[in-house]
> 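The structure follows.
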Number of protein chains: 2
Amino acid sequence: MDIEQALSALNNPIRRQILEWLKDRSNFPPALPEHEDLDGVCVGYIQEKAGLSQSTISNYMGLLKKAGFVLSERHGQWTFYRRDEAGIQSFCTAFEQELLRK
Amino acid sequence: MDIEQALSALNNPIRRQILEWLKDRSNFPPALPEHEDLDGVCVGYIQEKAGLSQSTISNYMGLLKKAGFVLSERHGQWTFYRRDEAGIQSFCTAFEQELLRK
DNA sequence: CCTGTATATCGGTATATTTCGATATATGGA
DNA sequence: TCCATATATCGAAATATACCGATATACAGG
């Protein structure tokens with residue numbers, strides 16, 4: 001739980017937007033039939049929605065992952081990203097702990 | 001309450017450290033006798049503790065103020081900064097609101 | 001008004017971040 | 001094994017941030 005790394009990851013409006021989008025799978029196109037039972041959204045969908053290049057989004061997802069905000073799972077050629085609610089929660093707790101007066 | 005500006009202000013370990021130090025006046029040298037009834041800490045004390053240049057600290061305090069984390073009060077040649085607990089609280093609330101699922 | 005002290009602002013350099021296109025890697029299928 | 005697709009990584013250019021020293025401003029006391 002590196003608060004510095006976490007804040008850097010959040011200090012970008014598009015990365016924060018991605019975390020918001022991931023709250024609800026219906027922000028993205030429907031999953032392919034063979035992926036319907038999987039949690040998470042593939043990089044391509046996120047890229048399309050964000051309107052940035054593939055490499056940028058791949059990099060962003062890596063930052064969010066290292067910061068503990070998303071989990072990833074590889075299935076075939078696809079990587080599916082989803083929110084890490086426990087990681088987000090624990091960051092929030094630690095962050096408030098630091099910021100708020102006691 | 002600009003969350004972008006607030007996160008930028010917090011995205012620096014020394015600025016966060018300053019907010020922590022300001023939780024407790026005793027982190028700094030005692031106030032001059034004529035300032036004893038005043039709340040807050042003057043820029044010089046903060047600078048000395050942080051070990052950065054005067055201009056950097058003055059700039060930092062300006063960023064923290066614009067972000068709503070500190071209040072300032074001028075008395076004579078001194079500017080006294082103190083935490084804006086309400087501002088900090090309201091940032092925390094808004095931030096969690098955005099970050100946490102629902 | 002002149003001087004000294006505290007703080008703010010300016011202008012610059014070094015470093016970090018954003019973002020891209022090109023390329024590398026992984027995988028599934030013909 | 002060869003090709004197409006999805007994602008990751010690399011290298012570079014543009015922009016932002018971290019700092020500094022120099023200078024400006026604000027004020028207090030003689």
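Note: hydrogens, waters and symmetry copies are ignored here, and every other heavy atom, side chains too, is used. So that the names make sense, note that chain A is the first sequence line, chain B the second, and so on, each numbered from 1.
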> Starting from C1' on dT9(C), measure out to NZ on Lys66(B) and report it in whole angstrom.
12 Å
> To the nearest angstrom, how far is Ile18(A) atom CD1 from dT18(C) atom P?
12 Å
> Just by distance, with hydrogens left out, do Thr93(A) and Ser90(A) show a side-chain donor and acceptor under 3.5 Å apart?
no
> Nearest whole Å is fine: how far is dT9(C) P from Leu63(B) CG?
11 Å
> Testing the basics here: between Glu98(A) and Lys23(B), what is the closest heavy-atom pair and its distance to 0.1 Å?
O-NZ, 2.7 Å
> Heavy atoms under 4.0 Å is the rule here; annotate nucleotides 19-30 of chain C 5' to 3' with B where the base is hit, S where only the sugar-phosphate is, and - elsewhere.
BBBB----BS--
> Given atom CD of Glu48(B) and atom P of dA6(C), what is their separation to the nearest angstrom?
11 Å
> Round to a whole Å and report the spacing from CG of Leu64(A) to P of dA8(D).
12 Å
> Using a strict heavy-atom distance below 4.0 Å, which residues from residues 20-47 of chain B are in contact with DNA chain D?
none
> Report the distance from atom CD of Glu4(A) to atom C1' of dA18(D), rounded to the nearest whole Å.
13 Å
> If we check side chain to side chain contact (heavy atoms under 4.5 Å, CB included) with Val70(A), which of these qualifies: Leu22(A), Val41(A), Leu63(A)?
Leu22(A)
> Rounded to the nearest 0.5 Å, how far does CG of Leu99(B) lie from CD1 of Ile88(A)?
5.5 Å
> Give me the atom names and distance for the closest heavy-atom approach of Leu19(A) to Arg83(A).
O-NH1, 3.0 Å
> Are more than 12 heavy atoms from other residues, nucleotides or ligands located less than 6.0 Å from atom CD of Gln97(A)?
no
> Taking atom types as modelled and ignoring hydrogens, do the side chains of Ser53(A) and Thr56(A) form a donor-acceptor contact shorter than 3.5 angstrom?
yes
> What closest approach, in Å, do Thr79(A) and Arg74(A) show between heavy atoms, and which atom pair accounts for it?
OG1-CD, 3.6 Å
> Looking only at heavy atoms, which two atoms of Gln5(B) and Ala67(B) are closest? And how far apart?
O-CB, 4.1 Å
> Nearest nucleotide by nearest heavy atom, which residue falls closer to the 5' end of DNA chain D, Thr79(A) or Asn11(B)?
Thr79(A)
> In this structure, how many angstroms lie between the C1' atom of dT9(C) and the NZ atom of Lys65(B), rounded?
15 Å
